[in-house]
There are 2 protein chains.
Amino acid sequence: MTRRPRQTVALTADLVILTIREGVLCVLVVERGNEPFAGRLALPGGFLRGEESLDETAARELAEETGLDAADLHLQQVGVYSAPDRDPRQRVVTCAYLAIAPNLPLPSAGSDARAAHWLPVDEVRRSGLAFDHDEILRDAVELARAELQFRTIATAFCADEFTIGELREVYEAVWGVELDKPNFHRKVTESAGFVEATGEKRPSPNGRPAALYRAGGAVTLSPPMMRPRS
Amino acid sequence: MTRRPRQTVALTADLVILTIREGVLCVLVVERGNEPFAGRLALPGGFLRGEESLDETAARELAEETGLDAADLHLQQVGVYSAPDRDPRQRVVTCAYLAIAPNLPLPSAGSDARAAHWLPVDEVRRSGLAFDHDEILRDAVELARAELQFRTIATAFCADEFTIGELREVYEAVWGVELDKPNFHRKVTESAGFVEATGEKRPSPNGRPAALYRAGGAVTLSPPMMRPRS
DNA sequence: TAAATAGTGTCTATAAGACAATATTGC
DNA sequence: GCAATATTGTCTTATAGACACTATTTA
């Protein structure tokens with residue numbers, strides 16, 4: 001049995017933090033200060049530390065970038081990206097995470113020196129990201145799109161209290177479709193555990209005030225919220 | 001900016017290879033020869049090599065364990081397991097993969113010296129696996145269960161040509177339920193791109209011969225094959 | 001013929017989708 | 001009142017599920 005030297009590699013957690021701003025799906029990107037790809041946009045991320053798991057790395061980075069506690073947010077693995085040449089300097093394997101955030105007041109610069117921005121996903125797709133982050137972003141958005149069908153994660157895009165109309169805008173922004181308002185309202189309010197009414201109403205400048213809801217206890221949606229066939 | 005030494009870790013790909021034998025969902029496990037956990041059962045897996053990605057590591061291990069080409073099989077990431085103490089010897093982070101195989105003639109021992117067995121998943125769950133492989137197995141099976149609803153991967157459990165009854169047995173074994181034969185037949189054959197008839201029939205020792213089908217071109221199932229709420 | 005498995009028909013309950021109608025606010 | 005948004009009602013169509021029934025084989 002020939003024993004070859006066992007390779008060790010550097011590990012990072014990269015974050016695809018999504019939110020919705022003015023009805024547009026946006027992702028948090030940072031400007032790179034150092035080579036390689038200096039000046040280019042990239043996903044936030046950081047190296048694994050000795051005492052933590054990658055999930056903890058992701059949670060720590062999320063807190064540093066957004067100031068939010070990962071316990072409050074939806075945070076899940078997207079996948080591992082391990083092409084040998086994905087980082088030109090050295091071998092780095094990354095685990096990508098999808099985080100879903102409500103509309104934050106600002107991308108608080110945090111303790112990190114890099115400039116962070118919310119940019120529309122479509123725009124980022126056109127301009128491109130450093131490393132293999134285009135691929136990661138694509139996969140993460142596709143995951144979010146799929147999960148909206150079967151899980152209650154849409155509420156993670158909303159503040160603690162939200163209207164059914166706001167929840168509908170989440171689906172419309174992520175899926176890039178228009179949904180029928182009356183049918184959506186019924187489906188959501190009749191789906192057990194998806195949302196629960198607070199009893200309060202939010203006044204509106206234009207029309208009838210909308211009832212406020214909180215996220216319900218359910219994790220999965222059954223029956224699923226089917227995405228209209230293109 | 002304090003620069004802490006950047007940790008590097010060993011990376012492995014571990015495989016949850018599922019198949020169905022006599023109507024029972026089975027997983028390929030190996031007996032460990034070395035410490036730690038010598039003599040215990042574990043999932044097959046191996047270390048990342050310098051020139052390859054983790055997906056390639058997984059495909060290589062799969063070929064070594066089953067003799068099958070990963071190109072023919074369903075192989076997908078389950079997730080990353082990176083708890084600092086998951087391997088008592090050293091820091092090892094693993095990426096778990098789910099592979100779905102048709103009923104193979106034998107778990108060909110392959111070039112690897114370890115003894116490989118197909119064991120029922122329920123049995124393995126009771127007896128337990130080395131490391132955190134119980135958790136990995138649980139997650140992989142749960143992933144397979146969920147994917148059966150929305151993707152056409154059930155055909156990966158079948159040989160090139162199969163009957164609708166065999167496909168139904170896949171769902172019944174993985175979900176642990178009984179499905180209505182007439183309704184299943186209709187649903188599968190009417191779902192665009194799920195299966196395509198070969199025109200052949202397979203004689204049966206007992207009753208009417210069943211028509212043979214091949215996997216169709218579709219990847220996703222719409223509408224989904226809903227799992228009965230138990 | 002009976003036994004066994006494959007496959008079809010049919011009815012009912014539930015959910016999806018279109019869209020009209022009503023409700024509640026600010027102006 | 002009108003404009004705007006929220007919510008409810010109603011009808012049509014699609015799908016799910018139960019289950020009776022027919023079809024094709026071996027013994």
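Any value given below was found using the heavy atoms of this structure, including those in side chains, with hydrogens, waters and symmetry copies removed.
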Under the side-chain hydrogen bond (donor to acceptor under 3.5 Å, both in side chains) test, residues paired with B:Asp180 that sit two or more places apart: B:Asn183

Calculate the interatomic distance between A:Lys187 atom NZ and C:dA18 atom P; express it in whole Å. 13 Å

Rounded to whole Å, OH of B:Tyr213 lies from P of C:dA6 at a distance of 12 Å

Flag if over 12 foreign heavy atoms under 6.0 Å of CG, A:Asp72: yes

Take atom CG of A:Asp180 and atom P of D:dG9, then tell me their distance rounded to the nearest Å. 16 Å

With a 4.0 Å heavy-atom cut-off, tell me which residues in residues 147-171 of chain B come close to DNA chain C, sorted by residue number. none

Write down the distance between CE (B:Met225) and C1' (D:dA16), rounded to a whole number of angstrom. 11 Å

Hits for side-chain hydrogen bond (donor to acceptor under 3.5 Å, both in side chains) against B:Tyr213, two or more places apart or cross-chain, chain-then-number order -> none

What are the atom names and distances for every N/O pair under 3.5 Å that joins the protein to nucleotides 24-27 of chain C?
unit_1 : atom_1 : unit_2   : atom_2 : d
C:dT24 : O2     : A:Arg208 : N      : 3.3

Table of protein N/O atoms under 3.5 Å from nucleotides 10-13 of chain C N/O atoms:
unit_1 : atom_1 : unit_2   : atom_2 : d
C:dT10 : O4     : B:Arg186 : NH2    : 3.4

With sequence neighbours excluded, residues passing side-chain contact (heavy atoms from CB on, under 4.5 Å) with A:Ala173: A:Ile20

Please enumerate all residues that pass side-chain hydrogen bond (donor to acceptor under 3.5 Å, both in side chains) together with B:Ser204, with sequence neighbours excluded. none

In whole Å, I'd like the distance from the CD atom of A:Glu190 to the C1' atom of D:dG9. 12 Å

Which residues share a ring pair (Phe, Tyr, Trp, His ring centres under 6.0 Å) with B:Tyr171, sequence neighbours left out: B:Trp175, B:Phe184

Could I get the full list of salt bridge (Lys or Arg N to Asp or Glu O under 4.0 Å) partners for B:Glu135, not counting sequence neighbours? none

Residues two or more places apart in sequence or in another chain: which of them pass salt bridge (Lys or Arg N to Asp or Glu O under 4.0 Å) with A:Glu172? A:Arg168

Residues that B:Glu161 engages under salt bridge (Lys or Arg N to Asp or Glu O under 4.0 Å), provided they are two or more places apart: B:Arg214

Let me know the distance between CZ of A:Arg227 and P of C:dG17, rounded to the nearest Å. 14 Å

Nearest-Å distance, CG (A:Leu179) to P (D:dA6)? 14 Å

Straight-line distance of A:Trp118 CH2 to A:Arg21 CZ, nearest 0.5 Å: 7.5 Å

Residues forming a salt bridge (Lys or Arg N to Asp or Glu O under 4.0 Å) with B:Arg145, sequence neighbours excluded: B:Glu142

Could you please name the option among D:dT7, C:dA6, C:dA16 that lies closest to any side-chain atom of A:Pro223? C:dA16

Whole angstroms only, please: what is the NZ-P distance between B:Lys181 and D:dA23? 19 Å

Compare side-chain N and O positions of B:His185 against OP1 and OP2 of C:dA6 and report whether any pair is under 4.0 Å apart. no

